[in-house]
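If you read the sequence from its start, that first residue is 1, and numbering goes on from there.
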Amino acid sequence: MNPQLSTVIAAAKKAGMPKASIDVAVARGQGKSSTGAGLESITLEVMMSPSVAMVIDVETDNKQRALQELRSMIKRHKGTMTPTTFLFTRLGRIILKSDGHEFDEVLMQALEGGAEDVEQDENDDIIIWTPPNTMHQVIQNLSKVLPSAEILGSEIMWSPTADKIKIDDADAAAAIGNFLTALKEYPDVQGVYANAERGAISEDAWGAIEDNLDT
């Protein structure tokens, strides 16, 4: 088992995640379902009112079933399947725990290893952005030059390339929040990305959206 996966499993156990859920996550990380069947990747492109573009990453062992059920879900929540990926770019994101590591040191090593940008989040953890095809190489380089660095997570994600759409209407916010909640409860959905940002809506209404997005 690779060191990164071992770290993720240890963190999941510490957080109290059930063993069955950990086994499913490990299998998915190896491109298989919990039964050992191979997984297929699907990308769904959706538009929700008011012109909020979404990209949904899916991994499933039954493509036809997943497409049928997700299309039905999208229709039920008044979404439209239409091209949206042109409004996003594919990026690799690595989250590094900042404990004991100077930001400038990580910045230099990450950029030399092929990263495109480095920043800190609100928890002071270090976010490293990479081209999608070099993310694993950057992780390997960091593991060599900063062996004590703790990688909290890594993923290939969709990031909006243009101005985000402000959500000002409470009813639209509720509809998007309900749709995102349904998506997150669907077991084959692995990531949901949107070009939305908070406008003139309450903190609670925005939280129902933000908490269910992977951006």
Side-chain angles (χ1 to χ4, degrees), residues 28 39-60 62-95 116-133 135 152-215:
R28 285 194 173 276
L39 295 174
E40 290 186 85
S41 296
I42 310 170
T43 299
L44 299 180
E45 303 171 68
V46 177
M47 190 72 72
M48 293 284 292
S49 176
S51 300
V52 172
M54 296 185 182
V55 180
I56 304 163
D57 281 338
V58 180
E59 287 185 351
T60 180
N62 189 326
K63 184 175 180 179
Q64 185 174 355
R65 170 189 53 78
L67 281 174
Q68 181 178 354
E69 292 176 351
L70 287 168
R71 282 171 175 159
S72 176
M73 183 190 299
I74 292 165
K75 184 178 181 180
R76 188 166 63 249
H77 288 273
K78 303 188 185 307
T80 303
M81 292 187 67
T82 188
T84 59
T85 53
F86 69 94
L87 295 168
F88 297 79
T89 187
R90 202 82 160 129
L91 292 173
R93 178 172 64 180
I94 305 164
I95 305 175
E116 290 187 341
D117 195 14
V118 182
E119 60 188 21
Q120 281 187 292
D121 64 13
E122 64 274 10
N123 299 318
D124 288 332
D125 292 325
I126 300 172
I127 311 298
I128 302 169
W129 298 98
T130 76
N133 60 337
M135 185 184 73
L152 299 177
S154 63
E155 62 177 333
I156 306 295
M157 58 177 292
W158 296 93
S159 179
T161 55
D163 291 340
K164 294 184 178 181
I165 303 298
K166 288 184 179 294
I167 302 177
D168 296 312
D169 183 78
D171 290 339
I176 292 172
N178 290 336
F179 176 50
L180 292 174
T181 299
L183 283 173
K184 283 298 187 176
E185 290 175 351
Y186 192 82
D188 293 347
V189 170
Q190 301 303 300
V192 183
Y193 310 92
N195 65 344
E197 66 179 2
R198 182 183 175 186
I201 58 174
S202 69
E203 185 175 341
D204 287 344
W206 174 244
I209 296 172
E210 186 179 38
D211 291 348
N212 286 305
L213 290 175
D214 293 285
T215 49

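- Shown here for Pro160 and Ala194, the closest heavy-atom pair between the two residues is CG-O, 3.7 Å.
- Evaluation of the side chain to side chain donor-acceptor pair (under 3.5 Å) test over residues 167-183, restricted to residues two or more places apart or in two chains, returns Thr181-Asn212.
- Tested against Asp188 for a side chain to side chain contact (heavy atoms under 4.5 Å, CB included), the candidates Glu69, Arg65, Glu40, Lys63 yield a single pass: Arg65.
- In this structure, CG on Asn133 lies 8.5 Å from CD1 on Ile156, to the nearest 0.5 angstrom.
- For the pair Val189/Leu70, a side-chain contact is recorded, criterion being any heavy-atom separation below 4.5 Å from C-beta on.
- Note that the CD1 atom of Ile128 and the CD atom of Glu116 stand 12.5 Å from one another [nearest 0.5 Å].
- Val52 places a side-chain heavy atom less than 4.5 Å from the side chain of Asn195.
- Here the side chains of Ile209 and Ile167 are in contact, with some heavy-atom distance below 4.5 Å.
- Taking the charged nitrogens against the carboxylate oxygens, Asp214 and Lys184 do have a contact shorter than 4.0 Å, which makes a salt bridge.
- Side-chain contact check for Leu67 versus Leu44: some heavy-atom pair is nearer than 4.5 Å.
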For residues 75-88, which side-chain donor-acceptor pairs fall under 3.5 Å, sequence neighbours excluded?
residue: Thr84; atom: OG1; partner: Met54; partner atom: O; Å: 2.8
residue: Thr85; atom: OG1; partner: Glu45; partner atom: OE1; Å: 3.1

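- Counting heavy atoms from C-beta on, the side chains of Met135 and Glu155 never come closer than 4.5 Å.
- Atom CG of Asn123 is separated from atom CG of Asp121 by 5.0 Å, given to the nearest 0.5 angstrom.
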